[in-house]
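One structure is given below, encoded as structure tokens.
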Amino acid sequence: MNITVDKLHLLTLNVGHARHNGDWNWKNVRSPFARLYYVTEGAAQIELPSGVHTLTPGHLYLVPAFTTHSYRCNQVFSHYYIHIYEDQLSEYSILDGWDFPVEVGADDIDLALCERLCQINPFLRLPESNPESYDNHLTLISNLQLNQQRPFCDKVESRGILYILMSRFLKQAKPKTEVRDDRIHQTLTYIRRNINSRLEISVLADKACMSKDHFIRVFKRETGETPNVYIAKRKQEKAELLLVTTDLPIKNIATALGFDDHSYFNKLFKKLSGITPQQYRTQKYTKGALFV
């Protein structure tokens, strides 16, 4: 897969150091941003689709965006936490397009980098560990604004630190879907570039110079999903991001994602997530999505 570092745009949403005493227990968490942890003391567990992973000192851990997971802790546990948002400035999402290891070994420089990231971004520390004690939707919006208002030197240093920490995971990362057919690869790029538009399968097939039926078969063979399912999931993820990082009315979000029918957008969102867009914004992200 041909990617370059200039396509990776990372922002620090939250960063800080937290100490818990058996109270780091949350279930079914799903966020529109990645979480990176450096453990300094004790142990805890993260339950991911890949299994249960024990967090221990001297290691870095990564939870990708849009990954449902749970946390378990019954002892003293201290760690640095970094919430990472990938700014959507290119046609390809590097964090979303790769399978990363959950755990990698860390060294003293990684600890120093986490400490430094906290020092230059003290205002990005979460005020409480209990996710029900603050409005996460507003926190996300505020932190995105703070990222834009920081001195340029701090932006450069913060992004450089994130690049170094993420490089530890990139060494062992693999593309989620190794698309061999150039026509489908070009289609995926087109979908990402035009995710805010109404995407018709017949139009995508024409651009790929295939009949509609043949296009659907080849697309599923290459990606493991039909075009409709793939597009619906990508629009769903973009909707989740907009719901918690903007104050746009839900009807406007539906329109921004190419849905002519507001009610259809609501039905599709609920089918994929189990809750309506409004419930997602007002409930899910004040009950467990953001915490340290």
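Just so you know, these numbers come straight off a predicted model, no measurement behind them.
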*Interatomic spacing from NZ in Lys251 to OG in Ser263 - rounded to 0.5 Å*: 10.5 Å

*Please report the closest heavy-atom contact between Glu103 and Thr54, naming both atoms and the distance.*
OE1-O, 4.4 Å

*Do the side chains of Arg281 and Ile253 get nearer than 4.5 Å, heavy atoms only?*
yes

*Distance under 6.0 Å and angle within 45° of the ring axis: does Lys235 meet both against Phe259?*
yes

_Quick one, Ile201 and Thr226 - any side-chain contact, counting heavy atoms below 4.5 Å?_
no

*asked:* Pair His83, Leu126 - check side-chain contact (heavy atoms from CB on, under 4.5 Å), show working.
replied: CA-CA 10 Å; His83 296 165; Leu126 289 173; 3.8 Å; yes

*Which atoms form the tightest heavy-atom contact between Val104 and Gln172, and what is the distance?*
CG1-NE2, 3.8 Å

*Over all heavy atoms of both residues, which pair between Cys73 and Ala43 is shortest? Give the atoms and the distance, please.*
SG-O, 4.0 Å

*Are Ser78 and Glu41 close enough that a side-chain donor and a side-chain acceptor fall under 3.5 Å?*
yes

_Keeping Arg159 on the side-chain end and Leu10 on the backbone end, is there a donor-acceptor pair under 3.5 Å?_
yes

*Nearest heavy-atom pair of Leu55 and Phe77: which atoms, and what distance?*
CD2-CZ, 3.9 Å

*asked:* I need the Ile82 CD1 to Ile161 CD1 distance, nearest 0.5 Å.
replied: 8.0 Å

*Check: Glu115/Gln119 side-chain N/O donor and acceptor closer than 3.5 Å*: no

*asked:* Do Met166 and Ile84 have side chains that approach each other closer than 4.5 Å (heavy atoms only, starting at C-beta)?
replied: yes

*Got more than 12 heavy atoms from elsewhere within 6.0 Å of OH, Tyr163?*
yes

*asked:* Rounded at 0.5 Å granularity, tell me how far NE2 in His17 sits from OG1 in Thr40.
replied: 3.0 Å

*asked:* With a 6.0 Å cut-off (strictly less than), is the heavy-atom count around CZ of Arg221, excluding the residue itself, greater than 12?
replied: yes

*Derivation and outcome, side-chain contact (heavy atoms from CB on, under 4.5 Å), residues Phe219 and Leu204*: CA-CA 11 Å; Phe219 190 99; Leu204 296 177; over 6 Å; no

*Where the side chain of Ser70 meets the backbone of Asn28, is there a donor-acceptor pair that is under 3.5 Å apart?*
yes

*Mind checking whether Val156 and Leu165 sit in one hydrophobic cluster, side chains of I, L, V, M, F, W, Y counted as touching below 4.5 Å?*
no

_Please check: side-chain N/O of Glu222 versus main-chain N/O of Asp181, any donor-acceptor pairing under 3.5 Å?_
yes

*asked:* We want to know whether Arg150 and Ser158 form a side-chain donor-acceptor pair, criterion being a heavy-atom distance below 3.5 angstrom.
replied: yes

*Does the pair Leu162 and Leu117 meet the rule for a side-chain contact (heavy atoms from CB on, under 4.5 Å), with working shown?*
CA-CA 9 Å; Leu162 289 185; Leu117 195 61; 4.1 Å; yes

*Are Tyr80 and Phe123 joined in one hydrophobic group, where the rule is that I, L, V, M, F, W and Y side chains link up if heavy atoms are under 4.5 Å apart?*
yes

*pair Ile216-Pro227: side-chain heavy atoms closer than 4.5 Å*: yes

_I'd like to know if the side chain of His185 and the backbone of Arg183 have a donor-acceptor N/O pair within less than 3.5 Å._
no

*Identify whether Val203 and Ile195 are in the same connected component of the hydrophobic contact network (ILVMFWY, side-chain heavy atoms under 4.5 Å).*
no

*Using the rule that two of Ile, Leu, Val, Met, Phe, Trp, Tyr join whenever any of their side-chain heavy atoms come within less than 4.5 Å, decide whether Tyr37 and Val52 are in one cluster.*
no

_So Thr187 and Lys207, do their side chains get closer than 4.5 Å, heavy atoms only?_
no

*Is there a chain of hydrophobic side chains (I, L, V, M, F, W, Y, each step under 4.5 Å between heavy atoms) that links Tyr264 to Ile275?*
yes

_In the structure I gave you, are the side-chain heavy atoms of Ile250 and Phe269 within less than 4.5 Å of one another anywhere?_
no

*asked:* Measuring from atom CG of Asn14 to atom CZ of Phe33, what distance do you get when rounded to the nearest 0.5 angstrom?
replied: 6.5 Å

*To the nearest 0.5 Å, tell me how far Thr255 OG1 sits from Asp261 CG.*
10.0 Å

*Does a sphere of radius 6.0 Å around NZ in Lys155 hold more than 12 heavy atoms from other residues, nucleotides or ligands, not counting ones at 6.0 Å or beyond?*
yes

_His69/Tyr71 aromatic ring centres below 6.0 Å_ = yes

*Within-4.5 Å side-chain heavy-atom neighbours: Asp110 and Asp107*: yes

*asked:* To the closest 0.5 Å, what do you measure between CD1 (Ile120) and OG1 (Thr12)?
replied: 7.5 Å

*Which pair of non-hydrogen atoms, one from Tyr61 and one from Val39, has the smallest distance, and what is that distance?*
CE1-CG2, 3.7 Å

*Show your working on side-chain contact (heavy atoms from CB on, under 4.5 Å) between Met210 and Ile184 and close with a plain yes or no.*
CA-CA 11 Å; Met210 288 186 273; Ile184 302 303; 4.1 Å; yes

*Flag side-chain contact, heavy atom, 4.5 Å: Phe66 against Lys233*: no

*Between Tyr280 and Pro32, what is the shortest heavy-atom contact and its length?*
OH-CD, 4.5 Å

